[in-house]
Asker: 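My structure is below; once you've seen it, I'll send some questions.
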Amino acid sequence: MSKEVRAVDWTGSGLTLIDQTQLPHRTVTMHVQDVDALVDAIQRLVVRGAPAIGAAGAYGVALALLQGRREGWSDDEIRAAVARVRDARPTAVNLMVCVDRVAHRLPEGLDAVLAEAAAVQREDIEANHAMGRHGADWLLERTGLDRPLRILTHCNTGALATAGWGTALGVIRELHARGRLEVVYADETRPLLQGSRLTAWELAQEGIPHYIQVDGAAAGTVLRGHVDAAIVGADRIAANGDTANKVGTVGVALACADAGVPFLVAAPTTTVDLATATGDDITIELRAEDEVLEWAGVRTAPAASRGHNPAFDVTPGRLITALVTEHGVLEVSAGQLPGDRAA
Ligand code: MRU
């Protein structure tokens with residue numbers, strides 16, 4: 001197995017990020033030392049994936065404190081800089097939760113802030129490994145299949161999208177480690193190709209057999225009986241189980257519901273937002289029109305066309321067979337809600 005990648009790491013004086021816009025062709029790291037650079041990196045998806053931007057935001061509090069000391073900011077100015085990190089993207093609740101958790105330690109100084117951010121990072125890795133085990137156990141038991149499983153996934157949920165190991169991809173990696181994975185169907189994930197660039201890169205590094213398919217193929221793949229289960233990550237899970245994830249996820253869930261194929265969401269409890277009642281209350285990030293009107297920087301749509309570019313969609317809880325967290329598996333469509341703790 002290859003060395004685990006670290007999408008986000010604190011290296012002495014600042015934050016080191018893998019520049020995910022450059023993958024899979026170039027593995028470039030970026031050293032971030034001020035708040036503007038971090039906000040820009042989050043917004044351009046240099047760092048992305050709900051738990052990874054949570055970890056980046058956590059260390060962003062330390063960046064704000066250090067920059068404030070260098071530039072003579074007042075406490076209010078430091079807090080305003082922290083708020084800019086918190087607001088860099090609107091949908092993944094992990095960003096807000098992790099920034100708030102670490103900002104709470106600001107009065108205690110830099111060491112306390114860095115210790116809290118490191119705890120955020122460490123706990124996310126531990127949660128991902130626990131999710132991997134719970135999700136794999138559930139899938140093997142519930143599918144009842146004695147052959148290796150064929151799994152569909154959408155977007156990227158691996159080490160790149162988290163502090164390490166991965167959520168949905170962590171379950172897939174666990175199945176592979178147990179010799180119980182046949183193949184992964186990785187949706188391309190238009191328009192920014194998190195599936196064909198990032199998930200495929202991670203799967204290839206692990207030697208996991210996979211197909212990349214265009215997003216439009218996913219429903220047909222499910223309905224034709226090519227997959228035993230679909231598993232995705234999440235950016236925010238409302239109290240009623242409705243789940244925001246990368247645009248295109250709800251189509252996969254609808255196909256799975258029609259075909260009777262389990263549709264799983266794997267996410268740490270930092271992604272659960274009990275203060276948000278339903279999916280209707282989740283803010284969906286609308287990104288630049290150019291991302292859908294252009295291909296590799298070249299305009300492909302007619303000049304008169306407008307682009308509609310929601311980065312996420314909401315899958316109703318009734319379509320989610322099970323939610324895998326670090327505490328266990330909840331059967332959402334059967335009535336278990338994210339506020340319930342699995343045994
Ligand atoms: O826009 P992105 O690339 O940040 O979107 C990421 C996703 O939608 C992931 O599926 C989600 O954050 C879960 S990551 C473990």
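Counting starts at 1 for both ligands and their atoms, following the listed order.
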Asker: Would you check whether Ala92 reaches within less than 4.0 Å of ligand 1, judged by its heavy atoms?
Answerer: no
Asker: So which heavy atom in the protein is nearest atom 3 (O) of ligand 1, and how far is it from that ligand atom?
Answerer: Arg48 NE, 2.6 Å
Asker: If you measure from atom 11 (C) of ligand 1 to every heavy atom of Leu45, Val232, Asp235, which option wins on shortest distance?
Answerer: Asp235
Asker: Please indicate whether any nitrogen or oxygen in Thr157 is less than 3.5 Å from any nitrogen or oxygen in ligand 1.
Answerer: no
Asker: Fit a plane to each ring of Tyr185 and Tyr211, take the angle between them on a 0 to 90° scale, and name the class: parallel (under 30°), tilted (30 to 60°) or perpendicular (over 60°).
Answerer: tilted
Asker: Between the side chains of Thr21 and Asp19, does any donor sit under 3.5 Å from an acceptor?
Answerer: yes
Asker: Listing request: all side-chain hydrogen bond (donor to acceptor under 3.5 Å, both in side chains) pairs with a residue in residues 294-306, at least two apart in sequence or in separate chains.
Answerer: Glu289-Arg306
Asker: Nearest 0.5 Å, please: how far is SG in Cys155 from CG in Asp235?
Answerer: 7.5 Å
Asker: I'd like to check which ligand 1 atoms, numbered from 1 as shown, lie under 4.0 Å from a non-hydrogen atom of Ala161.
Answerer: 14 (S), 15 (C)
Asker: Heavy-atom contact under 4.0 Å between Ala311 and ligand 1?
Answerer: no
Asker: Show the atoms of ligand 1 that are less than 4.0 angstrom away from any heavy atom in Thr167.
Answerer: 15 (C)
Asker: Short list, please: which atoms of ligand 1 are under 4.0 Å from a heavy atom of Ala50?
Answerer: 12 (O), 14 (S)
Asker: How about His104: does its NE2 atom have over 12 heavy atoms from other parts shown lying under 6.0 Å from it?
Answerer: no
Asker: Any nitrogen or oxygen of Phe312, side chain or backbone, less than 3.5 Å from one on ligand 1?
Answerer: no
Asker: Is there a side-chain contact between Thr269 and Glu326 (heavy atoms, below 4.5 Å)?
Answerer: yes
Asker: Note the single closest protein heavy atom to atom 9 (C) of ligand 1, along with its residue, its atom name and the distance in Å.
Answerer: Asn245 OD1, 3.4 Å
Asker: Going by the atom numbers of ligand 1, which of them fall below 4.0 Å from some non-hydrogen atom of Gln194?
Answerer: 1 (O), 2 (P), 3 (O)
Asker: Any nitrogen or oxygen of Gly233, main chain or side chain, under 3.5 Å from a nitrogen or oxygen of ligand 1?
Answerer: no
Asker: Do any nitrogen or oxygen atoms of His154 come within less than 3.5 Å of a nitrogen or oxygen of ligand 1?
Answerer: no
Asker: Looking at residues at least two apart in the chain, or sitting in another chain, which of them share a side chain to side chain contact (heavy atoms under 4.5 Å, CB included) with Ala257?
Answerer: Leu319
Asker: Show me which atoms of ligand 1 lie under 4.0 Å from any heavy atom of Thr162.
Answerer: 15 (C)
Asker: With side chain to side chain contact (heavy atoms under 4.5 Å, CB included) as the test, pick out the partner of Val232 among Leu264, Asp187, Thr243, Asn245.
Answerer: Asn245
Asker: With nothing but distance in play, are any N or O atoms of Arg89 less than 3.5 Å from an N or O of ligand 1?
Answerer: yes
Asker: Give a yes or no on whether a salt bridge exists between Arg178 and Asp137, defined as a side-chain N under 4.0 angstrom from a carboxylate O.
Answerer: yes
Asker: Can you tell whether the side chains of Glu4 and Arg173 come within less than 4.0 Å, N to carboxylate O?
Answerer: yes
Asker: Which bit of Cys155 gets closer than 4.0 Å to ligand 1, counting heavy atoms only: side chain, backbone, both or neither?
Answerer: side chain
Asker: What is the closest protein heavy atom to atom 5 (O) of ligand 1, and at what distance does it sit?
Answerer: Lys246 CE, 3.2 Å
Asker: Check contact between Asn156 and ligand 1, using heavy atoms of the residue and a distance below 4.0 angstrom.
Answerer: yes
Asker: Hey, which of Asn128, Leu169, Thr157 is the one that makes side chain to side chain contact (heavy atoms under 4.5 Å, CB included) with Thr162?
Answerer: Asn128
